[in-house]
**Q** 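Got a structure here, written out as structure tokens. Questions coming.
By convention in this document, chain letters (A, B, ...) are assigned in the order of the sequence lines, proteins followed by strands, and residues within each chain are numbered from 1.
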Amino acid sequence: MQKQVRTILQRVAWHFACICMAVFTLVPFLWAASSSFKPLSRVFADLVPFSFKTFIPMPPTLEAYVALFTETGYPRGLLNTAYVAVTVVVFGVLLNSMAGFAFAKLDFPGKRLLFTLTIVSFMIPFEAISIPLYSIINRFGWLNSFKAVIVPGIANGLTIFLFRQFFAGIPTELIEAATIDGASKLRIYSTIFLPLSKPAIVSASLLLFVGQWEAFLWPLLVANAPETRLIQVALSYINTQYATYWNQIFAGAVIAGIIPLIIILPLQRYYVKGISSTGIKG
Amino acid sequence: MPAKVLSPQSGGWLSSRHRRGFTNTVAAYAFLLPALIGVFVFRLYPIALSLVKSLFQTSFVRGTTFVGLENYRVLLEDPVFWQSLKVTLLLNLAINPIQIVISLAVALLVNRQGHIVRIYRTIIMLPMGVSLAIACTLWRIMLDPNNGLVNSILNAIGMASQPFLTSPSQALWSIILIASWKGIAYWMMFFLSGLQEIPDELYEASTIDGATHAQQIWYVTLPLLRRVALFVTVAVTSANFLMFVPMFMLTLGGPNMSTNTLMYEAYVSGFVYFDEARGMAITSVILLILLIVVLFEFRLLKED
């Protein structure tokens, strides 16, 4: 009996914690989403006093979305960013996981130094290297091409570190056994380590994808032609026309925010095995 | 396959071992090279170029001259630098534990299966893909002292309006709130993926041994989460030490320098006052502090 009461209390506490967190994340999003279905004149008018109208557009209109997709550079920015982000994820997962594998499971001279430099590489404020990096890209003749945003984004110290941390958890005995069986390092990496690291691959993809998805300063500097403009830069241009179309900004923000989520949701099975599947009740 | 096993080893034991050492090294560098070239060319080389500038002074009269550590000496006598250092340390002492602990706690909360938890998880993940710039735009309107949503809600439940970003005592905390809104959702994902690496058998074994849920988290989950926790800790610390967008978009370091972090001060020096040497000197101070903190974190969460 006492045990049952405790289980119920635990359940209530769990729901309470989840709901608190969910409210915190949802309210700004809900408000932005509802504002994107309002005409510009209602966006701020509905804020004070607080009422159901703050969160529910009365009546809803698609005006902002229509304008966003027909009158601005947003759809182009969306497609450009999708192309850039997917390319960076594909090459980034491959190259960084290889480096992570070497740092986690191979011995070679200079390992400590190279690993330290890899760690240092993601502690560098981007603003501090933007000017020298710009001249490098300029020398390569890559300005206003997708190469300027894609190539510097592929190798990523943080992603190497992420893979290194996951690979380090896979028993070294697997390598020894496979080596005795005559498998090469490349084979061990591709047929043992990669298949065992799906959660790490999903995380690394998230890191690289979101990194490109939210990049602003760098694409603004090197790819600001209308044909190569990326999503965050395109969004900022809505701001600098004759007025600030807040409802369009919200519409753009909601779409930009939801797309990474739509991609990650089907991958949840790699993310949540769930303790309850082992028969433990929370 | 059998032929390979039976084929005689050429050379003695020692030389074959040496040769294997050499092939292993070649293999390791082959794995590393593609990514490390990118890291060196696009990150380390540009920062090295920049840091060198902090040792030079440019003036119209004498041109560019080598001044050694002079720029750093000037920095140490500058009260603005010390104020920025204070703000940076305060911000990071608060925001890093907040983001790490809450994102871990939330990951533990939603790491189970079921329909309701799926809904919670999806909602909690919402801010994950929202860029910090967009988050700042949203929260600026929500935290507006006069017509903001948050004050509107506070008034509706009978509480007084708050100044938030316009007050020296609340601005830094408002930035922590905004950055954590996105940060917690984002870093939670990495903890969640780390939780998948823990074998079910360990939970089963400890259940048979009569461990409670809390005991399992403390004795099974957390020790095995160490590697991923180190990753998240280091990544969160770096991201927050280098945080720039909220100061740039919302507070401009104010009010009363209460949000003037070193990162923002470096930007102001380099890009607003065109004192590149000072900007780079501050940047190298940030890099140095960050390195020390991360080194400490590596020690703290060292793998057995």
**Q** Which bit of Val210(A) is near chain B, if near means a heavy-atom gap under 4.5 Å: side chain, backbone, both or neither?
**A** side chain
**Q** So what's closer than 4.5 Å to chain B heavy atoms on Ile119(A): side chain, backbone, both or neither?
**A** side chain
**Q** Checking Val151(A) against chain B: side chain, backbone, both or neither under 4.5 Å from a heavy atom?
**A** both
**Q** Does any backbone or side-chain atom of Glu127(A) lie under 4.5 Å from a heavy atom of chain B? Answer side chain, backbone, both or neither.
**A** both
**Q** Counting only heavy atoms closer than 4.5 Å, note whether Tyr134(A) contacts chain B via side chain, backbone, both or neither.
**A** neither
**Q** What part of Leu132(B) is in contact with chain A, defined as an atom under 4.5 angstrom from a non-hydrogen atom: side chain, backbone, both or neither?
**A** backbone
**Q** Using non-hydrogen atoms only, which part of Leu106(A) is less than 4.5 Å away from chain B: side chain, backbone, both, or neither?
**A** side chain
**Q** So what's closer than 4.5 Å to chain B heavy atoms on Phe209(A): side chain, backbone, both or neither?
**A** neither
**Q** Go through the steps to decide whether Arg43(B) and Asn156(A) satisfy the test side-chain contact (heavy atoms from CB on, under 4.5 Å), and finish with yes or no.
**A** CA-CA 9 Å; Arg43(B) 286 287 179 279; Asn156(A) 181 301; 6.0 Å; no
**Q** Can you tell me if Tyr29(B) has over 12 outside heavy atoms packed within less than 6.0 Å of its OH?
**A** yes
**Q** So which residue, Ile19(A), Asp107(A), Ile231(A), ends up with the most heavy-atom pairs under 4.5 Å with chain B?
**A** Ile19(A)
**Q** May I have the step-by-step check of side-chain contact (heavy atoms from CB on, under 4.5 Å) for Leu186(A) and Phe31(B), ending in yes or no?
**A** CA-CA 8 Å; Leu186(A) 188 63; Phe31(B) 272 102; 4.2 Å; yes
**Q** Measure from the side-chain N and O atoms of Ser284(B) to the backbone N and O of Met280(B), and report whether any donor-acceptor pair falls under 3.5 Å.
**A** yes
**Q** Between Ile184(B), Ile123(B), Val228(B), Val232(B), which has the largest tally of heavy atom pairs under 4.5 Å with chain A?
**A** Ile123(B)
**Q** Looking only at heavy atoms and a cut-off of under 4.5 Å, which of Gly38(B), Ala35(B), Ala185(B) has the most pairs with chain A?
**A** Ala35(B)
**Q** By a 4.5 Å heavy-atom criterion (distance strictly below it), what part of Ile263(A) contacts chain B: side chain, backbone, both, or neither?
**A** neither
**Q** Heavy-atom distance under 4.5 Å to chain A: side chain of Ala156(B), backbone, both or neither?
**A** side chain
**Q** For the atom pair OG1 (Thr237(B)) and CE (Met123(A)), what is the distance rounded to the nearest 0.5 Å?
**A** 8.0 Å
**Q** Does the side chain of Ser50(B) pick up a donor-acceptor pair with the side chain of Glu276(B) at under 3.5 Å?
**A** no
**Q** Who among Ile37(B), Ile119(B), Ile141(B) has the most heavy-atom pairs with chain A under 4.5 Å?
**A** Ile141(B)
**Q** Heavy atoms only: give me the nearest Gly153(A)-Val88(A) pair and the separation to one decimal.
**A** O-CG1, 3.6 Å
**Q** Is Asn96(A) reaching over with its side chain to a backbone N or O of Gly92(A), donor-acceptor style, under 3.5 angstrom?
**A** yes
**Q** Please answer whether the main-chain N or O of Ser130(A) pairs with a side-chain N or O of Trp218(A) as donor and acceptor at a distance below 3.5 Å.
**A** no
**Q** Report which part of Leu217(A) has an atom under 4.5 Å of a heavy atom belonging to chain B: side chain, backbone, both, or neither.
**A** neither
**Q** For the residue pair Tyr186(B) and Ser103(B), confirm or rule out a side-chain donor-acceptor distance under 3.5 Å.
**A** no
**Q** Does any heavy atom of chain A fall under 4.5 Å from the side chain of Ala235(B), the backbone, both, or neither of them?
**A** both
**Q** What part of Phe166(A) gets closer than 4.5 Å to chain B, counting heavy atoms only: side chain, backbone, both or neither?
**A** both
**Q** CZ of Phe91(A): more than 12 outside heavy atoms within 6.0 angstrom?
**A** no
**Q** Top residue by heavy-atom pair count (under 4.5 Å) with chain B, among Ile154(A), Leu114(A), Thr118(A)?
**A** Leu114(A)
**Q** Which bit of Leu224(B) comes within less than 4.5 Å of chain A, counting heavy atoms only: side chain, backbone, both or neither?
**A** neither
**Q** Kindly check if the number of other-residue, nucleotide or ligand heavy atoms within 6.0 Å of CG (Leu94(A)) is above 12?
**A** yes
**Q** With only heavy atoms counted, which part of Ile124(A) is less than 4.5 Å from chain B, the side chain, the backbone, both or neither?
**A** both
**Q** With a 4.5 angstrom heavy-atom cut-off, could you sort out which part of Phe101(A) is near chain B: side chain, backbone, both or neither?
**A** side chain
**Q** Is a donor on one side and an acceptor on the other found under 3.5 Å between the side chain of Lys182(B) and the backbone of Ile134(B)?
**A** no
**Q** Examine whether an atom of Ile259(A) lies under 4.5 Å from a heavy atom of chain B, and if so say whether it belongs to the side chain, the backbone or both; otherwise answer neither.
**A** neither
**Q** Quick check on Leu206(A) against chain B: is it the side chain, the backbone, both or neither that has a heavy atom closer than 4.5 Å?
**A** both
**Q** For chain A, which candidate among Leu126(B), Leu295(B), Thr283(B), Asn155(B) shows the most heavy-atom pairs at distances under 4.5 Å?
**A** Leu126(B)
**Q** Which class fits the ring pair Phe298(B) and Phe115(A): parallel under 30°, tilted 30 to 60°, perpendicular over 60°?
**A** perpendicular
